[in-house]
Each structure stands twice: as structure tokens, then as C-alpha cells.
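Below, chain A is the first sequence line, B the second, and so on; all start at residue 1.
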Amino acid sequence: MNIVTWNVNSLNVRLPHVLRYLDEHTPDVLALQETKVPDERFPQADIEAAGYQVVFCGQKTYNGVAILSKNTASNVQAGMPEFDDAQRRVLAATINGVRIIDVYIPNGQEVGSEKYQYKLRWLDAFSAFLQQQMQAHDKLIVLGDFNIAPADIDIHDPLRWQGKIMCSERERAYFSAMLNSGLIDCVRALHPEAGMHSWWDYRLNAFPRNWGIRIDHVLATPTLHAEAAGVHRQERAQERPSDHAPVWVELAGA
DNA sequence: ATGGTTGTACGACAA
């Protein structure tokens, strides 16, 4: 199974990019974040015309997640049952016998801010939700925009970013806990080298300078046997691109 | 230089 995560930063703007990507790469599953589309206006027909099924959970202006797949999704769950949240950031579904959890983890804005506190509360809830999901499913993938750079090797300029949002010790501790629970960071496991960035700021000419950070991740149970992974960074070089590139993983165990 | 760009929506705010 080939699975991809992509923060598209508005599906209204990026629908043509997504349709072309599906045509070029034909992934089995594509998890999107920041669709910024209410459910009643989701472009379901366009995606189905491309040969994909889709489940989605969105809202106006902010957030929003969707899972596109060749095969049917079952046991679809929007949001975390134990965490009442107006922000649409979680969508779980079972596809090809694999539990897939699509996440858009809060950005947090700045360490110490109110939004940072929300990010930490949100991560507390997600940790509990993930633990429950892992107990229920032997084959599980959690993927999406984590807004966490797990280690200094994931940052173009670690000194500049030290202790900043997405790099603070408290945020990284949540990521480490997911690995300690038995999940594998597929891209890092297959690519120990630096430079596997997934996000480049629109500002400061960051992409041409390769001032990137690795904050989009695919974590999988060892039962899924990730055998190849990478970043489709050419998508960041397209006309009117998202500020994130797709991150893909090929799994032999599903 | 603590800079600047994009999306949403039409003025800020989020990222």
C-alpha cells in the first residue's frame, strides 16, 4: 500500500494540484489537512471522478481533514470522542484492514501563548486517543501535519529554531512518546540523513533557499513494514503551491 | 533587517 500525507492549505485553491497528483502518483490513500472547506461544499464529485472515494470533516476558513482512497473506508470517526473541540483536526477510518488516523495538530503560534497551551491540551487528548486506537488495531498509521520537528536534524537551521514553536522540548516529548509506544517514524527510519523537509515558509524566499523543516509525518506500526519513503518536494515548486510538500510511504504489510 | 507571503474574506488573523 502506498500512502501519502499532504497539507494543501485550502482545497479550493489546491484541488487542481491534488487531482494532478492523484493522476501522476496513484496513491492508495491520500490524507489531506487544512482543506478549509465546510462539508456541504466539499468537492466530492471531482475526487470521485478521478477514481477515488473520500471521507471528510471540515469547516469554513480554518482546519479541515479528508482521506481519499481507492478502496472503501469503514468505521469512519471524526474528531476525538473524549475531547470536545470545534476545530476539525482528526479523521480516522479503516482502509484495506489498516486503521488510518489523519491529524492536523495545532500550530501553537508561540511557546507560552494561549494557542500553545491549547496545543499541549490537544496533544494530551490525542495521546490518550491514540493509545486507545492502538489497543484496538494491530495495523495502524497516524499521519498528517504534526507541527512538530522531532529533532534538530529536521531543521535547516537548528540554532535559529532552538526552543521555538514546533521545536520545544514539551512538543517533542509528545512525538517521542508516540515512538516509545511502538510506532515507527517511517521517513526517519528509511532516511537517517538531514534535509527531508516537508514545509517551507511562504516568506523570506524560504523554498529556493531550502530553509525547510520536517513537520509532516507518517507513523506506522511495525506490522506494516515500511519499505520506502520520501518527500515529493517538486510539489512545493509548482505554480501557486501549498507551503507543504506531500510525504509518502510504501508499506509491504498492507 | 525579528524582516516577509498566502488564504480567507474584505479587515484582521492564522500559519
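- Comparing dT8(B), dT5(B), dG3(B) by their nearest atom to the side chain of R203(A) picks out dT5(B).
- OP1 or OP2 of dA9(B) lies within a sub-4.0 Å distance of a side-chain N or O belonging to T61(A).
- For the pair Y62(A) OH and dT6(B) C1', the interatomic distance rounds to 13 Å; values are reported in whole Å.
- Rounding to whole angstrom units, CD of residue Q162(A) and P of dT2(B) are separated by 21 Å.
- Distances shown here put every side-chain N or O of S242(A) at or beyond 4.0 Å from the OP1 or OP2 atom of dT6(B).
- With rounding to whole Å, W199(A) atom CH2 is found 12 Å from dT6(B) atom C1'.
- Here the side chain of K60(A) is nearest to one of dA15(B), dT8(B), dA9(B), namely dA9(B).
- Atom P of nucleotide dA15(B) and atom CE of M166(A) are separated by 11 Å, given to the nearest angstrom.
- Atom C1' of nucleotide dT8(B) and atom CG of D243(A) are separated by 14 Å, given to the nearest angstrom.
- Here Y104(A) lies in heavy-atom contact (under 4.0 Å) with sugar-phosphate atoms only.
- The nearest whole Å value for the distance from the CG atom in L11(A) to the C1' atom in dT6(B) is 16 Å.
- The side chain of E34(A) approaches dA15(B) more closely than any other nucleotide in the set dG7(B), dA15(B), dG4(B).
- Contact annotation: K115(A) side-chain N/O to dA14(B) OP1/OP2 distance is under 4.0 Å.
- Inspection of the H156(A) and W161(A) side chains reveals an N or O donor paired with an N or O acceptor under 3.5 Å.
- Rounded to whole Å, the P atom of dA15(B) lies 15 Å from the corresponding atom of dA9(B).
- When only modelled atom types and interatomic distance are considered, D124(A) and Y174(A) share a side-chain donor-acceptor pair under 3.5 Å.
- The distance from atom CZ of R236(A) to atom P of dT5(B) is 13 Å, rounded to the nearest whole Å.
- In this model, the phosphate group of dA14(B) is not approached by any side-chain N or O of K36(A) to a distance below 4.0 Å at OP1 or OP2.
- Side-chain contact check for Q234(A) and H232(A): no donor-acceptor pair (N or O, by modelled atom type) lies under 3.5 Å.
- Ring planes of H244(A) and W199(A): tilted class, angle from 30 to 60°.
- In summary, D185(A) and R214(A) engage in a salt bridge, as defined by a charged side-chain N under 4.0 Å from a carboxylate O.
- Only the P atoms considered, dA1(B) is 38 Å distant from dC10(B), to the nearest whole Å.
- The nucleotide whose nearest atom lies closest to any side-chain atom of Y202(A) is, among dT6(B), dA14(B), dA15(B), dT6(B).
- Residue-level contact check: R14(A) touches the backbone only, with heavy atoms under 4.0 Å from sugar-phosphate atoms and none from bases.
- Regarding E110(A), its CD atom lies at a distance of 13 Å from the P atom of dA15(B), rounded to whole Å.
- Mapping R41(A) and R209(A) onto DNA chain B via the closest heavy atom, the residue that lands nearer the 5' end is R209(A).
- Mapping N12(A) and G108(A) onto DNA chain B by nearest heavy atom places N12(A) closer to the 5' end of the strand.
- Spacing of C1' atoms, dT2(B) relative to dG7(B), comes out at 23 Å, to the nearest Å.
- Side-chain contact between Q238(A) and R20(A) is present, with heavy atoms from C-beta onward closer than 4.5 Å.
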